[in-house]
There are 2 protein chains.
Amino acid sequence: MSEEKNIKINNKENIEMTALELFAKHGFQAVSVRDICKPLGLRESAIYYHFANKQGILDSLLLRVDQLILQMKTEFEAAFSEAAEVSDEAMCAVAIGMLQGYLLHPVVYKMIAMLTIERISTYNAQDTYQKLVFELPLKQMEMVFAQMIDKGFIVRNAPEVLAQEYYAIIYFAFQKNCIGPELTDENIALTKQEINKNMKDIYNKMKQR
Amino acid sequence: MSEEKNIKINNKENIEMTALELFAKHGFQAVSVRDICKPLGLRESAIYYHFANKQGILDSLLLRVDQLILQMKTEFEAAFSEAAEVSDEAMCAVAIGMLQGYLLHPVVYKMIAMLTIERISTYNAQDTYQKLVFELPLKQMEMVFAQMIDKGFIVRNAPEVLAQEYYAIIYFAFQKNCIGPELTDENIALTKQEINKNMKDIYNKMKQR
DNA sequence: GTCTATAAATGGATAGAC
DNA sequence: GTCTATCCATTTATAGAC
């Protein structure tokens, strides 16, 4: 093996990930190029070698979200396509999986936090937020319900309405307990607890009478 | 009547409302004191006469939210205490009232937009957001359900779970369609439509069998 | 690919006149 | 209560050496 320096390769990706960390915590505007440099041990000009300007870092991150969405889409399919058993436990498992494996996924979570801020003023960010936080998970939940209806487990036949009802519970608990200055284990535990409670409740109302 | 100049009294409140408008659109950090001055036709020093610093404007606005919460609390009581009839239309009316009269209330909406950004990095803003967007509406919904249970309209006896299930639908549709760079009439119409659809669906599952 | 140095602009904040 | 003028820190961005 050759003597190449494997420690501290400050490539584009490295810079983007540090930027994402900071953008997620403080927002794009509040973070200066110098702030991004510090943890990397770099100077500003090193950043400007990789990116045209500060905006370029954000644009690059937004492109990264699009890739992430595609990746997550295939991961979802692998995770949920087999779980076509129906019980309140199974429904809770799907919901907790959506929380733990997606919304709280280290990169997805930071993207959501960053976009939560940016989407209010920027069309570009709003578009990405919509896809990441609403379209993809809703489409996924819809598929789960379509399957359940197909197999005769469920009475009603509007999978997109059911998806919205169920995902609303997950999204609500997530927003209420997991978005904020710090994400603690207690917050996550409380979120799961609330999702489980509401999930079981709504499941009992919905199941084949 | 005396010849006092009634036009353009640029008092503290005037400055705060202009600041709120801008903070809601771009976030606290992204708005400069000069930005606030422009629409008011003032100079920076005029602002610093009324406020100790830029942060002082935000602090003042946060205090204003607390007053608003108290005011809204009493308005809610007046609006919902009589509506103790139970039907899917009545439930939808309560939900649409929560959207139209509260979440989309001109001032409340701007406060929510501003706090959506600030609450991610600031404990103070997070606290206020929690009260304004979660605690107050949930408490209110809970009271409506407690009444309905009291009068024997509803089977289940966990009003706080029901409140969360119902309010989650409202909050979800609001976040999905009404938060972003511009709020159009189409967005609002779509939000109402989605709330109505999900509300009726969940109501039919819930009502006395 | 990263550094030093520096230009140019922006933004928070104050002093003192009116 | 608002204005002019000004100060100073921060920040974006670039030029040119290594």
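Note that the structure is a prediction, hence the values are computed from the model and not measured. We name chains A, B, ... by the order of the sequence lines, and we start the count at 1 in each one.
- Note on ring orientation: taking the six-membered ring where Trp is involved, the planes of A:F28 and A:F23 are perpendicular (angle over 60°, cut-offs 30° and 60°).
- For the pair A:K54 NZ and D:dA13 P, the computed distance is 8 Å after rounding to whole Å.
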Extract from the structure each pairing of a protein N or O with an N or O of nucleotides 16-18 of chain D at less than 3.5 Å, listing the distance.
none

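- Counting heavy atoms of neighbouring residues, nucleotides and ligands inside a 6.0 Å radius, atom CG of A:N11 exceeds 12 of them.
- Screening residues 104-131 of chain A for ring pair (Phe, Tyr, Trp, His ring centres under 6.0 Å) gives A:Y129-A:F134 as the qualifying pairs, with residues at least two apart or on separate chains.
- Rounded to an integer number of Å, the gap from CG of A:N14 to P of C:dT2 is 9 Å.
- Dashed line: the shortest gap from a side-chain N or O of A:Y48 to OP1 or OP2 of D:dT14 is not under 4.0 Å.
- Judged as a salt bridge (charged side-chain N to carboxylate O under 4.0 Å, His left out), and not counting sequence neighbours, A:K54 has no contacts.
- The salt bridge (charged side-chain N to carboxylate O under 4.0 Å, His left out) test applied to B:E118 returns no partner, not counting sequence neighbours.
- Side-chain contact check for A:Q71 and A:E75: at least one donor-acceptor pair (N or O, by modelled atom type) lies under 3.5 Å.
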If you restrict it to nitrogen or oxygen atoms, what contacts under 3.5 Å exist between nucleotides 8-10 of chain D and the protein, and what is each distance?
none

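- In this structure, B:K38 places its NZ atom 18 Å from C1' of D:dC3, rounding to the nearest Å.
- In this structure, A:V33 and B:A46 both approach DNA chain D, and ranking their closest nucleotides by distance from the 5' end singles out B:A46.
- At whole-Å resolution of the value, CD1 in B:I36 and P in C:dG12 are 8 Å apart.
- The nearest heavy atom of DNA chain D to A:Q29 and to B:R43 marks one nucleotide each, and the one closer to the 5' end goes with B:R43.
- One finds a side-chain N or O of B:Y49 lying less than 4.0 angstrom from the OP1 or OP2 phosphate oxygen of D:dG1.
- Using modelled atom types, no side-chain atom of B:E165 and backbone atom of A:I169 make a donor-acceptor pair closer than 3.5 Å.
- We find that CG of B:N11 is positioned 9 Å from P of D:dG1, with the value rounded to whole Å.
- Although no hydrogens or angles enter the test, the distance criterion places a donor-acceptor pair under 3.5 Å between the side chain of A:Q126 and the main chain of B:I179.
- Summarising the geometry, the separation between CZ on A:F51 and P on C:dG1 is reported as 12 Å, rounded to the nearest angstrom.
- Distance, A:D35 CG to D:dT12 P: 8 Å, rounded to whole Å.
- Straight-line distance from the CG atom of B:L22 to the C1' atom of C:dG11: 15 Å, rounded to whole Å.
- Scored by the salt bridge (charged side-chain N to carboxylate O under 4.0 Å, His left out) test, A:K38 finds A:D35 as partners (sequence neighbours excluded).
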